[in-house]
> 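Before I ask anything, here is the structure I am working with.
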Number of protein chains: 2
Amino acid sequence: MSYTLEQMRAVFCPRTVAVVGAPRSFKPGLVFLQALLDPGFKGKVFPINPNADEILGLKTYPSLSGIPERVDLAIILVGIEQVQNVIEECAQAGVRAAIVFTSGFGETGEPLGLQREREMVAAARAGSMRLVGPNCMGVYCPESGLAFFPSMPQVSGRVAFVSQSGSLSAFVTLMGRLRGMSFSKVVSIGNECDLSSTDFFDYLGNDNRTSIITAYLEGTRDGRTLLETLKKVSLKKPVIIWKAGFTSAGARAVSSHTGSLAGSESVWNSVFKQAGVIRAQNIEEMIDIATTFHYVPETVGRRIVIISGPGGPAVAAADALERGGLKLAELSPKSIEKLRTFIPAAGASLRNPIDLGVAPWGIISLYSDTLRVVDEDENVDATVLIGGGLNPSGQQEYLELMMELKKSLKKPCMLISLAGFVGDVEFCNKLQSAGFPLYTAPERALASYSEVVGYYEWRQDVGKCASS
Amino acid sequence: MSYTLEQMRAVFCPRTVAVVGAPRSFKPGLVFLQALLDPGFKGKVFPINPNADEILGLKTYPSLSGIPERVDLAIILVGIEQVQNVIEECAQAGVRAAIVFTSGFGETGEPLGLQREREMVAAARAGSMRLVGPNCMGVYCPESGLAFFPSMPQVSGRVAFVSQSGSLSAFVTLMGRLRGMSFSKVVSIGNECDLSSTDFFDYLGNDNRTSIITAYLEGTRDGRTLLETLKKVSLKKPVIIWKAGFTSAGARAVSSHTGSLAGSESVWNSVFKQAGVIRAQNIEEMIDIATTFHYVPETVGRRIVIISGPGGPAVAAADALERGGLKLAELSPKSIEKLRTFIPAAGASLRNPIDLGVAPWGIISLYSDTLRVVDEDENVDATVLIGGGLNPSGQQEYLELMMELKKSLKKPCMLISLAGFVGDVEFCNKLQSAGFPLYTAPERALASYSEVVGYYEWRQDVGKCASS
């Protein structure tokens, strides 16, 4: 890759940021400036606007040349006609990286837009400056305090997200948070006129603050380099890519969104397969898989026990398990003996799936007691538990029992909250903080788990081949 | 069908209910008795327990013969050894229908269990009594006030649910409520020793309080009759079936859950296709499709406009649209002219999908103004809107604008709430009450819409064939 670490540090962790074209009154652009004034950002911010002395209480400069310090990162919000001049000025002033939010370039499909991108890149290169965008939404990096908009979470985590869609980045961050994940670095790459998804994959692959990489892609300009990069990165950490635009309607939407060529599904599938990349079919699957990587350790196996109140979802779980190449664990006779001592015979089944029927309506502890026995069985690698209370007090009891039990659990346990996460954010947050991943359906848990175990097995196999 | 309307009325709308084997102390069974004491149930309740004079404040009878009135429905909670005697007593006393909650019958896989089912049915038939179950959880019918447990919604709706899984029925009711749907009749059919899914499909097909039928099935004892029945019912109203147990692990789980034979996927797919039944792959899809039928009128067409803030989900929506055989509507030049007057050019695309970029961050009304123009375009049949506010005040403004606009909208508009419905139950409830269906991803909305429009087209085609 051609970027330097200093350039990438300027993108994600700048000490000095110039916001060129900061609007005076409320426009979407002002949101990006407000985001930098959040307590999270530790560097210095220099708004640039020739028609204002002060914006949001910050001294405002008429142009870049008036700033008394070297600028690490320029955030460019000016109108399209002024972008080229601003880029040239930045490059001359030694700015290390610029993020061009402005749109109207290659994604318009007009030759002028593409030509403008080429001119920007040439001007940037002349000053060893790198560009993110255009037509993008910048960076979210809790470590440095860069954010898409005010009030974003300031907690750093292990998940990175590379996105060809701008405001999607913000949604994914929010969706991840609701599943108990925090992010290390999120970047909206827009038209990728200079720094591309490939560059960011390479960088994040080496970033020791990132252990899971997720991405939304619409296309790429250099499939070969992307493939070679992903091959290397996948050996270090899981890469989950949601690629959209495979139908003709989708490809048309891609072209007007970021000006990318969407490419054929078979070519992309082959890239994913060769590179050991996990393909997510949609945003929910991407979040589910990332969630599972986040909670489940590398030492996972394929023998699963399903513990359920309702019988239907247990059957669906068994289907999903087999479709994902997982196995219904055979409980040891000792475990079955133990279970028989406290699970009422009526309406229950001790064969895996363990169907508790309506018995836990009266005795919530049946869930945690069953899970305790199963977790200790050496024939079992992980569990899926479809349970919960019938009313708020039942839910509370379930929560307390599960949180207490989690302290002594040895194996991953995926919890299913069937009716979704509606209205029970606190309930979900507590279980997730205790270390349980939560899903809206057992099929989602098991499909994700299957991807996770498949990835770790693949990586081990590749490692063996390399060393033999 | 062999049932009488009087028998079905006894199952769903009994005036007198005997609860045989009502427990004195807290057991799951007591929950079913408590459910009948909710203000919702309008009939009379007679608990039967030889060891108690009073349970939950109700005079308790030692046996069925002591009850001074004819009993429409007996709810049977006694231990398996006593079930046969109780059934015989009920049949002799002229009870019209009995729901056998007790389990331990055919689902055990033991010959004794199956023999017990046959004996029960013989005893019931001798008295013209019908049986639901065994190994089931009863009925929820807000019209009469029958419920699975206390505090269930007392509002009647148009959706019915037939379930081979007991407590799943309660979850589906809850999940439907969260999507703005109420239910007409929900029945847990268990092992179906007498009344079967086929009987209930037939009955609900003629029930004028039901306009959408959903079902969770594990198997059937008489595929031919089921097919013939579904063929007739589907011509009257949509039937959405989630069938589980297609893998060998799933089939094994089915057999210990309700003792059914799961059957092969290809046979079931052929049944669904021949009968015009909509197949749901999982619980979430079943709820999504039912939601769409609930909100979308019969006069739907395939030309869709996608309006989006974030570009990525708009691309995913375009993909889902094409995969569902739907079309990106071509907006009329007049509409595009109108849109151009207020949508900022920067970062937006007026081609369908209409990509509003981050502009609505500053001006929320861009969503509603765009929707208003698109809704009036005669080239458009329905819209999908991926939007919302950036913060609570933005969400509030979005809510108010959309609720006001809904009054004048002529066509269905499906709203996407990307980060799920977490924590914003009231927000979702208000939009749904105004008449907007809500989904967690555009792919879900469009896949469901595709099923809905496909169903109505199929029904029209079949109607034409029949009349020509």
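Here is the naming used below: chain letters follow the sequence lines, and residue numbers restart at 1 for every chain. Computed from a predicted structure; not experimentally measured.
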> Which answer fits Arg177(B), side chain, backbone, both or neither, if we ask what part of it has an atom under 4.5 Å from a heavy atom of chain A?
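The answer is neither part of Arg177(B).
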> By a 4.5 Å heavy-atom criterion (distance strictly below it), what part of Ser163(B) contacts chain A: side chain, backbone, both, or neither?
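Neither part; nothing is under 4.5 Å.
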> Using only heavy-atom distances, determine whether the side chains of Arg252(A) and Ser248(A) contain a donor-acceptor pair under 3.5 Å.
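The answer is no; no qualifying pair exists.
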> Could you tell me whether Glu330(A) atom CD has more than 12 heavy atoms of other residues or ligands within 6.0 Å of it?
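Open.
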> Among Gln281(A), Arg323(A), Arg351(A), single out the residue with the greatest number of heavy-atom pairs under 4.5 Å to chain B.
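Highest number of pairs under 4.5 Å: Arg323(A).
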> Which answer fits Glu443(A), side chain, backbone, both or neither, if we ask what part of it has an atom under 4.5 Å from a heavy atom of chain B?
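The answer is the side chain of Glu443(A).
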> Below 6.0 angstrom between ring centroids: does that apply to Phe148(B) and Phe32(B)?
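That pair fails the under 6.0 Å test.
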> Chain B heavy atoms under 4.5 Å from Ser308(A): which part of the residue, side chain, backbone, both or neither?
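For Ser308(A), no heavy atom lies under 4.5 Å from chain B.
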> For the CD1 atom of Ile76(A) and the SG atom of Cys136(A), what is their distance to the nearest 0.5 Å?
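Spacing of CD1 (Ile76(A)) from SG (Cys136(A)) equals 10.0 Å.
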> Among Ala251(B), Ala244(B), Pro134(B), Ala317(B), which residue forms the greatest number of heavy-atom pairs with chain A at distances under 4.5 Å?
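The answer is Ala244(B).
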> With respect to chain B, which residue among Ala316(A), Gly166(A), Pro353(A), Gly245(A) yields the maximal number of heavy-atom pairs within a distance under 4.5 Å?
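Highest number of pairs under 4.5 Å: Gly245(A).
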> Given side chains that start at C-beta, do those of Ser417(B) and Tyr439(B) come closer than 4.5 Å, heavy atoms only?
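The answer is no, as the side chains (C-beta and beyond) never meet within the 4.5 Å cut-off.
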> Below 4.5 Å from any heavy atom of chain A, which atoms of Tyr216(B) appear? Answer side chain, backbone, both or neither.
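For Tyr216(B), the side chain is the part near chain A, not the backbone.
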> Between Ser450(A) and Leu446(A), is there a donor-acceptor pair closer than 3.5 Å when you use the side chain of the first and the backbone of the second?
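No, the answer is negative, given that no donor and acceptor are paired below the 3.5 Å cut-off.
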> Keeping the roles fixed (side chain from Glu107(B), backbone from Gly190(B)), state whether a donor-acceptor pair exists under 3.5 Å.
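Side chain of Glu107(B) to backbone of Gly190(B), a donor-acceptor pair under 3.5 Å: no, none is there.
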> So which of Ser165(B), Pro310(B), Ser169(B) has the biggest tally of heavy-atom pairs under 4.5 Å with chain A?
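Looking at each of Ser165(B), Pro310(B), Ser169(B) in turn, Pro310(B) comes out on top.
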> Which pair of heavy atoms, one from Met137(B) and one from Ser188(B), lies closest together, and at what distance?
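So the two residues come closest at N-OG, 2.8 Å.
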> I need the residue from Ala318(A), Ser167(A), Gly312(A) with the largest number of non-hydrogen atom pairs under 4.5 Å to chain B.
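With the most close heavy-atom pairs to chain B, the winner is Gly312(A).
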> So which part of Leu168(B) gets closer than 4.5 Å to some heavy atom of chain A, the side chain, the backbone, both or neither?
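Both backbone and side chain of Leu168(B) come within 4.5 Å of chain A.
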> Salt bridge between Arg179(A) and Glu284(A), side-chain N to carboxylate O under 4.0 Å?
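Salt bridge flag = no for Glu284(A) with Arg179(A).
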> Using non-hydrogen atoms only, which part of Phe149(A) is less than 4.5 Å away from chain B: side chain, backbone, both, or neither?
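Contact with chain B involves the side chain of Phe149(A) alone.
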> Between Ala253(A), Gly388(A), Ala170(A), Gly311(A), which residue shows the highest count of heavy-atom pairs closer than 4.5 Å to chain B?
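Highest number of heavy-atom pairs under 4.5 Å: Gly311(A).
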